[in-house]
Amino acid sequence: MKKIEAIIKPFKLEEVKEALSELGIEGMTVSEVKGFGRQKGHTEIYRGSEYTVDFLPKIKIEVVLSDNLLERATAAIVKAAKTGKIGDGKVFVYPVEEAIRIRTEETGDQAI
Amino acid sequence: MKKIEAIIKPFKLEEVKEALSELGIEGMTVSEVKGFGRQKGHTEIYRGSEYTVDFLPKIKIEVVLSDNLLERATAAIVKAAKTGKIGDGKVFVYPVEEAIRIRTEETGDQAI
Amino acid sequence: MKKIEAIIKPFKLEEVKEALSELGIEGMTVSEVKGFGRQKGHTEIYRGSEYTVDFLPKIKIEVVLSDNLLERATAAIVKAAKTGKIGDGKVFVYPVEEAIRIRTEETGDQAI
Amino acid sequence: MQIIRNLTRISKILTFTVALAFASSAFAENPPGAEQAVPQSASTTQIVVAETVEVTADQAPAEELKPTEKFWQGKAADYATFAVNNLWICIAAALVFIMHLGFACVESGLTQSKNTTNILFKNVFIICVGMLTYAAYGFNSMYPGDNWTIGKIFALGSPIANSFTEPDAIVSNLTSEYNPGYTYWGDFIFQAMFAATAATIVSGAVAERVKLAPFMIGATLLVTFIYPITGSWQWGGGWLKEMGFADFAGSTLVHAFGGYAALAAVLLLGPRRNKYLPDGKIRPILGHSMPLATIGVFMLFLGWYGFNGGSVLSAEPVGVSHVFVTTSLAGAAGGVAASLTSWVLLRKPDLSMALNGILAGLVGITAGADAINPWPAILVGIIAGILVVISVLFFDKIKIDDPVGAISVHGVCGNWGTVAVGIFGGGNFGVQLLGTVSISLFAFLASLLIFGALKAISGIRVSPEEEEEGLDVGEHGQQAYPDFMPNK
Amino acid sequence: MQIIRNLTRISKILTFTVALAFASSAFAENPPGAEQAVPQSASTTQIVVAETVEVTADQAPAEELKPTEKFWQGKAADYATFAVNNLWICIAAALVFIMHLGFACVESGLTQSKNTTNILFKNVFIICVGMLTYAAYGFNSMYPGDNWTIGKIFALGSPIANSFTEPDAIVSNLTSEYNPGYTYWGDFIFQAMFAATAATIVSGAVAERVKLAPFMIGATLLVTFIYPITGSWQWGGGWLKEMGFADFAGSTLVHAFGGYAALAAVLLLGPRRNKYLPDGKIRPILGHSMPLATIGVFMLFLGWYGFNGGSVLSAEPVGVSHVFVTTSLAGAAGGVAASLTSWVLLRKPDLSMALNGILAGLVGITAGADAINPWPAILVGIIAGILVVISVLFFDKIKIDDPVGAISVHGVCGNWGTVAVGIFGGGNFGVQLLGTVSISLFAFLASLLIFGALKAISGIRVSPEEEEEGLDVGEHGQQAYPDFMPNK
Amino acid sequence: MQIIRNLTRISKILTFTVALAFASSAFAENPPGAEQAVPQSASTTQIVVAETVEVTADQAPAEELKPTEKFWQGKAADYATFAVNNLWICIAAALVFIMHLGFACVESGLTQSKNTTNILFKNVFIICVGMLTYAAYGFNSMYPGDNWTIGKIFALGSPIANSFTEPDAIVSNLTSEYNPGYTYWGDFIFQAMFAATAATIVSGAVAERVKLAPFMIGATLLVTFIYPITGSWQWGGGWLKEMGFADFAGSTLVHAFGGYAALAAVLLLGPRRNKYLPDGKIRPILGHSMPLATIGVFMLFLGWYGFNGGSVLSAEPVGVSHVFVTTSLAGAAGGVAASLTSWVLLRKPDLSMALNGILAGLVGITAGADAINPWPAILVGIIAGILVVISVLFFDKIKIDDPVGAISVHGVCGNWGTVAVGIFGGGNFGVQLLGTVSISLFAFLASLLIFGALKAISGIRVSPEEEEEGLDVGEHGQQAYPDFMPNK
Ligand SMILES: Nc1ncnc2c1ncn2[C@@H]1O[C@H](COP(=O)(O)OP(=O)(O)O)[C@@H](O)[C@H]1O
Ligand SMILES: Nc1ncnc2c1ncn2[C@@H]1O[C@H](COP(=O)(O)OP(=O)(O)O)[C@@H](O)[C@H]1O
Ligand SMILES: Nc1ncnc2c1ncn2[C@@H]1O[C@H](COP(=O)(O)OP(=O)(O)O)[C@@H](O)[C@H]1O
């Protein structure tokens, strides 16, 4: 099993979700994060003092899936999330040692 | 060392926390996430337009622990978090290569 | 590639960010989390009833980086985040199998 | 299709309801206090300015004058006094109106964000429906004049008048003949604003677990049928009035009424899940927004100037200014006393207690704002401020779960304020006690009956799952603060 | 350096503007309705109390009295009446003022948090600039007296008077000679508060996508030049007035005006991104804060007591109290009707619809608050409450994207309220229809012209990227709720 | 046990305090301005309506009339005028009251969410305690009549009267004999509302770092003892008044007083951590809620109609309506000017600056709202709006950290408004300058002394850790927006 962690632009969430659903992936966990990267933030002025907003709002999607889905899933995410503009985000892949569905106590690929 | 990532129903947090404490686990990190899964969301109407809330509020618990605690910890989490109803969540286990306590610079099992 | 996950005190974020920048690390993802640990929370009273706030606000920084940067990065984070007081937080290191930059579809060290 | 069918249904129901009211107001016997009520197409002709009176008095033949103009002829000074009195009643009504925003904010601020839409909806609904049913029934039930159904204890209500067309009726309802302080309309609207308050108090105490529809029905019944009964006992000239009971602006008639009706509902409902733990510990459930609660209390304080100030029932300078002083000082004293009490008893100054303390002081002085002098008013406020903290702790101890402290603020301090008139305001202590106890009891029993019946029929509590998830989604499908949302 | 240069520039521009206004007010022909306007260093001398009048009348020689004192001599009762009338107009102006907070809260509550600062800024700006341009041009354009430029259809505006110094001018502008209900100043300020309302209505409908600068220009042009034109047709004594049109406080003159101006702007702008999906589905874009929206509606309801109550233009007791009753009941009925309608049609009771329903009822009764009796007023409110729900659904269906329902609430229910006077308030149905249609149409066309021109010149819509990211950052560089921030 | 012991302690302290006040008010020499003050059980008998007067005048023997009824006999018109005047003072007091909600919202909106409960608590506390101490000491210290302790410079305070029982005292305190505009009670309550304002201004400037208890003590001392001193110099008829100083509603007496007291406190406190970085950069600390700040400013604007309008001290039509116009226009001009200035100087239109600009315009016109004509009032507002932006930048440049701009808004623009009366309002420029400088300086020094002493005794600043973590948890153990919480 692998875990895909995708950092994407917030407004791409729905498209990525649908792309994953089409692959038969039925579960994922999503959170709001702030990203710092090549996409530089903007400089703003608040009551006369300049400051840089260099942490931009991003969405993090986490999906644990079986190894055989990995390639298609990353490709689908990349396709759905791409705008071609800087700041589109990243896909990271991590090894997963175990997964358990709390409700049924199933483990492994059954659990996800 | 391993990392357990448990996605649970929000109102189960306290019970899971206590179950872990009983095992002698003294540290964990918690965040609010939204989960998409078999537990279907609900369809609502806002000013006449239907929409589906399919991202449901969940809590993510992250615990890094030594290998020997792993089994007992997952079991404890599963037990504490289970309601038997769909949407109870998942437990994922990941390998951890290193841990450092910032305050003391201890590493490995000492650090967690 | 490795992923560093650092749980730090919120007001140390800027210093850690700068320390990492100085190493040439140009990307990271940040989120707000609550931490439970040796740094005990505080007992408060709300309308006469006591309760314990044992989840304290922390910041989680995630950086994926190439193996050769790992040591320097962890050292830099530890140095920047340390106050010496309890609750300074942790640095965890995880293996990463792949990274993809969505915009360019570059992979591996190129992507981060 | 479905939509159109539904729509037709709604409009039929609504039209029927209004038609009924129309009919009854038009053909029923004249409502008590109103001379007659034949419908009239427009009342544009009613406006008169004393100024004009004098001018026209010289030039136009008297028979062309409108009835009110005729009435005021040669009484320019009385007209001016009547105008300022009536204006004050109207402004005071607007101030009491804004108290309902205050309740909405306090109640939603002191509860969890997952129940916020629900609480706001309840408050919005109650003020709206309360005004309507008070027009349809309550006003005449509460102020029956001589039309008591059961001597000085109960009067059947009826719709308010729709208009006055006969010259005599115009004069006797729309000039100082009706009352030196206001017209029939001014009287109605000021009282209507009071009416919904009692039900709104209940709303806070039952928050975070009561089912919407039964609550709406129960609250509507309370405000429509029950509040006017106890109201009639005193302000309607009933048996308590005759005994010399004093309750200037309603420490008992409005606040204790609401507080004890709330108590009954809370007993029937039970506490929120996980509020009282098996091991005997009390788990606090934190209010989600202190700014909202603070806005609410300031709005209530502001509105109280209308609530108490308007209860002078005229702009009489000594009365109004005296009431402003006692109301302000008692509210302030309650806030300070509760702050200090919470600081000493609970280690740190608790903003929510300070806010409750202000309200406690205001509720406390409401019965005697006219009769109690400024310095004793401060004492009334201080005692109310201490009392409310202890009372909140006490109800929690005996596991009566009142998320916003409504029973303590309105019930307990309402009682205190009423007997305080027997101590500091020249009232008869025994009568004061009797009055506040009997009305509190009646409100409690009536509420027990209504919500008890609803509990038996349909249940009054949401499912444990809905309670966990929040009533906003469960009852309204609408979060108060919806956050990030898939973007397609 | 740069700063100083910029500063000099601003102050030059501003000084120039004010100087211009000064000049025109000082040297221009006397503004219509004001006898003369020679600048005067101070007006401290204007204060007079009837009390004093009598005293001084006995002791001091008459020639030492100030003009207003002289005027009121021997008319102590008329003075009292004038004082209460004028006071009410001033208080009513303050109540209308607070409606602008209401709009700001409703509009920001019903839209996304990333556009909140922008909406608040627009509302703050409009009320400020609206008062200023109404002083500089609008008041005299709307109330031309006999100074029509194009007979009963259009009058050129001019700045309001700066002061009155000649005894005759003082008396004819600052006593009941000007109007039995208010002084020249009271008249101006009450009307000024109304003026900005129309533009504020537009603000809600175009929210979340309109470019700031063009909006500011367009709204300023609307409120300065267009609103006074249609206003003059009725309240300024123009052609509609002469036909017997009735619009008591502005269901059409203010609300439908705003609603149809909004409609034109929305048509030019197009819907928000991703609101109407290619597959025909409508994607709701949730309002980010129900408490904010609720605070807004209560503030509007409160303000409406000034809006309608003040439109009696005096404190005449029957008029004011009647208007308070009809306004309250219609607003309440709108809220209840919309709640029930949304419950039946949309499965669950929708708070945002209940709130819109209250506003719909209030807009509906605004034209006939004086002329319609309480029970028909409830019917007007009920119909408005049902209408607004259907109208919101309808506009969404035809893909006209109005985030807060402004077109439905103010436009559609403004029309309804105006013709309702023809049904329930003794008005001529045909004239009512003609009036509301012609003003709605004029507002629509003028807005189409203004925003159309702005669209051609500079564009009126932010870039898709800015829309995604939010106008708060795009236009203001300022989030409404900035959260965690690097700490160094 | 512990609880009961603590409770006994509190009630002892409180009873003692009140008893003291009682005693002093009952047995002390008559408070200045009040004829006598023998306690009286109830004052229910005070209500009189002119109406009644006339009726009873014919029927009842004169000796049965109450003193006020007797006084008003045959003066029905004067009674009406007095009623409207006094009513206005009372309503104005309620409007000034709501300014405290305005301050609470602005201050919490423009600071971080971790300090919100603390700021709200401070504001709630100040208005409460301010009213009480003004009753116990301030009112009579500020309005000593002839009872100066040190000629025209200082008067020792004493508690307000508790009641008036002798016929002479009743007439001389509760009719127009006291003042043509209000009763003794109306006078007190209007002035009491003003008193707390000065301390509230300080609250904003010291936000996010001041220790709660010392702040509460310092603010209480300021409002109790210092504000009445400078107040007495002008409104109490002191030395500045005699020099011809003009400060209509308190640009200097209230606002500059508060602003300079704040400046001293800020200098003693130092800036917030990490606000001014070692490399000379200024790190902005963003306000956490723009809607809250906006609600606050609108509430302040609304309240200002009472603040300035009530300062006419009667409902005299020309005065009130003139003040409404100048206040509105100056506030609006300030908002527009600050918006444009921030747009030019700071690249984008800054909502927080627009909001500050409105307040600046309002503060600016406060000294001359009666004496300055509308067009110059706009100029006063424009200059204030520009000034406030520059001033905020300036104080930040010299590292004086004022989170909400209180020193600029109230201090600097208070000064400007006062000298503006010397330019546009017929005041003597030199005297105006002298007045505003001497009061600002006195406030600064007194505040320096008070907070300096507190700093020496107990420290006035929270620990760096508490500052990082937020004062809500540190001082109150209560977050303003508590989020998810373990559920057991
Ligand atoms: N090394 C990294 N580790 C973790 N997150 C990263 C890293 N680099 C980038 N990110 C995340 O990806 C987001 C996009 O990266 P950025 O460099 O701005 O643009 P791009 O994806 O086009 O290269 C960042 O905002 C950050 O959240
Ligand atoms: N493959 C997955 N990867 C990551 N998170 C998942 C995955 N599947 C489920 N989840 C998380 O677990 C939660 C519960 O899953 P769900 O399928 O709804 O019910 P159940 O746990 O009963 O199978 C989801 O809301 C989601 O947050
Ligand atoms: N085993 C763990 N797994 C995950 N997070 C942990 C663990 N232990 C501690 N943490 C995180 O680190 C934070 C600091 O830990 P704590 O024990 O309070 O102090 P210290 O870092 O000084 O040892 C905690 O608040 C929590 O967020």
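These values consider heavy atoms only, across backbone and side chains, with no hydrogens, waters or symmetry-generated copies. To find a chain, count down the sequence lines: A is the first, B the second, and so on, and within it residues start at 1.
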Carefully, step by step, assess A/Tyr94 and C/Val64 under the rule side chain to side chain contact (heavy atoms under 4.5 Å, CB included). CA-CA 11 Å; A/Tyr94 307 93; C/Val64 173; 3.8 Å; yes

Assess whether side chain to side chain contact (heavy atoms under 4.5 Å, CB included) is satisfied between A/Leu70 and C/Glu98, documenting all intermediate values. CA-CA 11 Å; A/Leu70 179 63; C/Glu98 186 55 288; over 6 Å; no

How far apart are the C-alpha atoms of C/Ile102 and A/Val91, what are their side-chain angles, what is the distance that settles it, and do they pass the side chain to side chain contact (heavy atoms under 4.5 Å, CB included) test? CA-CA 7 Å; C/Ile102 292 173; A/Val91 176; 3.9 Å; yes

Run the salt bridge (charged side-chain N to carboxylate O under 4.0 Å, His left out) check on A/Asp88 and C/Arg101 step by step: do they pass? CA-CA 8 Å; A/Asp88 272 355; C/Arg101 166 172 307 164; over 6 Å; no

Please evaluate residues A/Glu5 and C/Glu62 with respect to the criterion side chain to side chain contact (heavy atoms under 4.5 Å, CB included), reporting the C-alpha separation (whole Å), side-chain torsions for both, the decisive distance (0.1 Å), and the verdict. CA-CA 11 Å; A/Glu5 218 172 79; C/Glu62 293 167 275; 3.3 Å; yes

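Looking at heavy atoms from C-beta onward, A/Phe55 lies in side-chain contact with C/Leu13 at the 4.5 angstrom threshold. Between C/Ile100 and A/Thr74 the shortest side-chain heavy-atom distance falls below 4.5 Å.
Against chain A, the residues from residues 103-112 of chain C that qualify, each with a non-hydrogen atom under 4.5 angstrom away, are C/Arg103, C/Glu105, C/Ala111, C/Ile112 in number order. Heavy-atom neighbours of chain C within the stretch residues 75-83 of chain A, taken at a separation under 4.5 angstrom, comprise A/Val78, A/Ala81, A/Lys82.
With A/Phe92 as the aromatic partner, C/Lys3 does not meet the cation-pi criteria of under 6.0 angstrom to the ring centre and within 45 degrees of the ring axis.
Using a 4.5 Å cut-off between heavy atoms, A/Ile86 contacts chain C through both its backbone and its side chain. There is no contact between A/Lys58 and chain C, counting heavy-atom distances below 4.5 Å.
Looking at every heavy atom in both residues, C/Pro95 comes nearest to A/Pro95 through O-CD, 3.6 Å.
From A/Lys60, atom NZ reaches atom OG of C/Ser31 across 5.5 Å, with rounding to the nearest 0.5 Å.
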